[in-house]
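What follows is a set of notes on a single structure, which appears directly below.
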Amino acid sequence: MTGANVMAGTYGLQGDKNKKKKKKGKLQSRMQIAIAAAALIALLGVTVMYAMRDPGRTGIGRVTRIGATLSQNITPFGDGVLFYDGTTLHCVAATGGNKWSYRIGTNADYDACGGRIAAWSGNDLYILNERGRLIYNNKMTDVVQFARAGSEYVAAFVGESDNGVVTVINGSGQIVDNITISDQTLLEMGFFQSATSNAQEAELMWTLGLDTTGTIISTELQTFQPGKLSTGKSSLGNHIAYEVYDQNGILHIVTTRQILHYNYRGLEEKAPTLIYGYVMEDIKHAGNALYQLLVPAKEKEEGIRIMNARLMTDGVDRMLHLPGECLAVALGTRAVYGFAQNAVYACPFGETTFGTYALPINVTAYLGMMSENRAVVASGSEIYVVELPL
């Protein structure tokens, strides 16, 4: 073999070796890609499994801007948000899409609770269901001062503030009561669930009125069973009430000094709970438990200065200290939340330590909680829905 042939043979062998190395390298790369893909699929599977096991979010979820502004009377409503644009009531989804709209006229207002919405404009009263369908519409005998929605009934106060009528309407749009209000100024009204004398659970109604006929002004509590008129009446003295809620048929009436507890007959059920120096900020029913969240009155008055909270539930009264100054605190489905300007603090029920979660927006107001642990907040004039952790 000549030198040239030797050299040619050598180069040929070397080329074959290089080709084999390239093939081997490609094979290794493909194997690495396949292994990485298999690992990614396995990781996704584990993530999905844990997500299914624990539906709570471990951090801030989606933050969605919705088509409303702060001046448009915003109200969280189940899995949607209600707002009034000056002529029309809209319901938008958490994702920002419009669910329904209903025209209610100018200078209107509304109240929403459960599956009912009561809206009024002048003498006109509208009752809508959660899908925006009209249940009732009528011109009342006088101007509607305000209305309140329950799960089964709607009550509308018509006439003068100290001389009017409360009209109660059922889910079929039928008037079941006309209750005359006289010798007092009606402050507020609402509905609650309670077992009556025949042990049947029913939706009852309460009213708070300011009696101005005597030399000393006093607050009067009255309870009614729609269609059967009054079930009880009691004087609360000179206590000024600003919040009323119920638990297992008992009405809890919050004043500046204490929480009063009355049954559906207007009788005091137990001794008052002292809360002097605190303001009731939020109430949440979770299963059989009732969570009551309070903040120091002084911190509440100072605006974005809330640093402490008091959580009461099932006889347990616990103080919570927030990591930073908040403009509001609220109750979610499983945790207490503090809303700072650029962060959310979260403390699970039963614990005392808050976690901190950064927000991509600057929060200027807290407007309420939706279902599925979502909060409605404002950033300037714009409205956002925030998916909360835990």
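Bear in mind that the values here come from a model prediction, so they are computed numbers and not experimental data.
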>> Does Phe349 form a side-chain contact (heavy atoms from CB on, under 4.5 Å) with Thr313? I'd like the steps, not just the answer.
In response: CA-CA 10 Å; Phe349 291 155; Thr313 180; over 6 Å; no

May I have the step-by-step check of side chain to side chain donor-acceptor pair (under 3.5 Å) for Asp85 and His90, ending in yes or no? CA-CA 8 Å; Asp85 68 4; His90 303 275; 2.9 Å; yes

Trace of the side-chain contact (heavy atoms from CB on, under 4.5 Å) decision for Val158 with Thr141: CA-CA 7 Å; Val158 178; Thr141 56; 3.9 Å; yes

Item to check | side-chain contact (heavy atoms from CB on, under 4.5 Å) between His261 and Gln247, intermediate numbers included | outcome: CA-CA 10 Å; His261 312 280; Gln247 180 193 25; over 6 Å; no

side-chain contact (heavy atoms from CB on, under 4.5 Å) between Leu70 and Leu367, worked out: CA-CA 9 Å; Leu70 186 59; Leu367 302 176; 3.9 Å; yes

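Proximity of a side-chain donor or acceptor of Asp246 to a complementary backbone N or O of His252 within less than 3.5 Å is not detected. Judged purely by atom type and a 3.5 angstrom limit, Asp177 has no side-chain atom pairing as donor or acceptor with the backbone of Ile179. Judged by distance alone, the side chain of Asn170 and the main-chain N or O of Ser172 form a donor-acceptor pair under 3.5 Å. A distance-only check finds no donor-acceptor pair linking the side chain of Tyr264 to the backbone of Trp206 [under 3.5 Å]. Of the possible polar contacts, none joining the Asn362 side chain to the Asn342 backbone as a donor-acceptor pair under 3.5 Å is found. Counting only distance, with no hydrogens or angles, the side chain of Glu299 and the backbone of Asn308 share a donor-acceptor pair below 3.5 Å. Thr75 contributes no side-chain N or O that, together with a main-chain N or O of Leu82, makes up a donor-acceptor pair within less than 3.5 Å. Judged by distance alone, with hydrogens and angles left aside, the side-chain atoms of Thr231 form no donor-acceptor pair with the main-chain N or O of Arg265 at under 3.5 Å. In this structure, Glu382 contributes its side chain and Ser379 its backbone to no donor-acceptor pair below 3.5 Å. When atom types are taken as modelled, the side chain of Ser121 and the backbone of Thr106 share a donor-acceptor pair closer than 3.5 angstrom.
Considering every non-hydrogen atom in both Tyr366 and Leu327, the closest pair reads N-CD1, 3.7 Å. Shortest non-hydrogen contact noted between Pro360 and Val63 is CG-CG2, 3.8 Å. Considering all non-hydrogen atoms of both residues, Met319 and Arg310 come closest at SD-CB, 3.8 Å. Taking both residues in full, the closest heavy atoms of Pro389 and Ile60 are given as CD-CD1, 3.7 Å, listed atom of the first, atom of the second, then distance. Taking both residues in full, the closest heavy atoms of Leu186 and Phe146 are given as CD2-CZ, 3.9 Å, listed atom of the first, atom of the second, then distance. Shown here for Val336 and Phe354, the closest heavy-atom pair between the two residues is O-CE2, 3.7 Å.
Between Gln184 and Ser182, the side chains place no donor N or O within less than 3.5 Å of an acceptor N or O (distance only, hydrogens not considered). Using a 3.5 Å distance cut-off with no hydrogens or angles, the side chains of Asp109 and Asn73 do pair a donor with an acceptor. Under the 3.5 Å distance criterion, with hydrogens and angles disregarded, a donor-acceptor pair is assigned to the side chains of Glu203 and Ser151. Residues Asn373 and Thr333 bring a donor and an acceptor atom of their side chains to less than 3.5 Å of each other.
Rounded to the nearest 0.5 Å, atoms OG1 (Thr167) and OH (Tyr153) are 14.5 Å apart. Between atom CD1 of residue Ile306 and atom NZ of residue Lys298 there is a gap of 14.5 Å, rounded to the nearest 0.5 Å. In this structure, CG on Asp317 lies 10.5 Å from CD1 on Ile275, to the nearest 0.5 angstrom. Of the inter-residue distances, the one linking Leu204 atom CG with Gln225 atom CD reads 5.5 Å to the nearest 0.5 angstrom. Taken to the nearest 0.5 Å, the CD1 atom of Ile117 stands 9.5 Å off from the CD1 atom of Ile104. Atom CZ of Phe224 is separated from atom CZ of Phe191 by 11.0 Å, given to the nearest 0.5 angstrom.
The side chain to side chain donor-acceptor pair (under 3.5 Å) analysis of residues 125-134, with sequence neighbours excluded, yields no pairs.
For the pair Pro76 and Met369, the minimum side-chain heavy-atom distance is 4.5 Å or more. Annotation: side chain of Glu243 is not in contact with side chain of Glu281 (no heavy-atom distance under 4.5 Å). Using a 4.5 Å heavy-atom cutoff, the side chains of Phe339 and Val329 are not in contact. Contact of the Leu290 side chain with the Tyr245 side chain is registered, since non-hydrogen atoms from C-beta on lie closer than 4.5 Å. Considering only heavy atoms from C-beta on, Ile283 stays 4.5 Å or farther from Tyr291 through its side chain. At least one side-chain heavy atom of Gln258 sits under 4.5 Å from a side-chain heavy atom of His239. Side-chain contact between Tyr242 and Val279 is present, with at least one heavy-atom pair separated by less than 4.5 Å. Taking 4.5 Å as the limit, some side-chain heavy atom of Leu390 sits within range of a side-chain heavy atom of Tyr357.
Glu160 CD: 12 or fewer foreign heavy atoms inside a 6.0 Å radius. Within 6.0 Å of CD1 on Ile216 lie no more than 12 heavy atoms contributed by other residues, nucleotides or ligands.
At a threshold of 4.5 Å between side-chain heavy atoms, the hydrophobic network of Ile, Leu, Val, Met, Phe, Trp and Tyr places Met189 and Leu260 in two separate groups. Ile240 and Leu208 fall into different hydrophobic clusters, where Ile, Leu, Val, Met, Phe, Trp and Tyr side chains are chained together by heavy-atom contacts under 4.5 Å. In the hydrophobic clustering of ILVMFWY residues, with side-chain heavy atoms under 4.5 Å counting as a link, Val166 and Ile169 come out together. Linking ILVMFWY residues whenever their side-chain heavy atoms come closer than 4.5 Å, directly or via other members, leaves Val363 and Val385 in distinct clusters. Side-chain heavy atoms closer than 4.5 Å link hydrophobic residues (I, L, V, M, F, W, Y) into clusters, and following such links, even through other members, never connects Tyr337 to Leu293.
Considering only residues two or more places apart in sequence or on other chains, Arg116 meets the salt bridge (charged side-chain N to carboxylate O under 4.0 Å, His left out) condition with none of them.
Under the 4.0 Å criterion applied to side-chain N and carboxylate O atoms, Arg305 and Glu325 are assigned as salt-bridge partners. Arg374 has no carboxylate O lying under 4.0 Å from a charged side-chain N of Asp79, or vice versa, which leaves the two without a salt bridge.
Side-chain heavy-atom separations under 4.5 angstrom define the hydrophobic clusters, and Leu267 shares its cluster with no other residue.
A side-chain contact (heavy atoms from CB on, under 4.5 Å) with Tyr384 is found for exactly one of Thr64, Ile361, Val376, namely Ile361.
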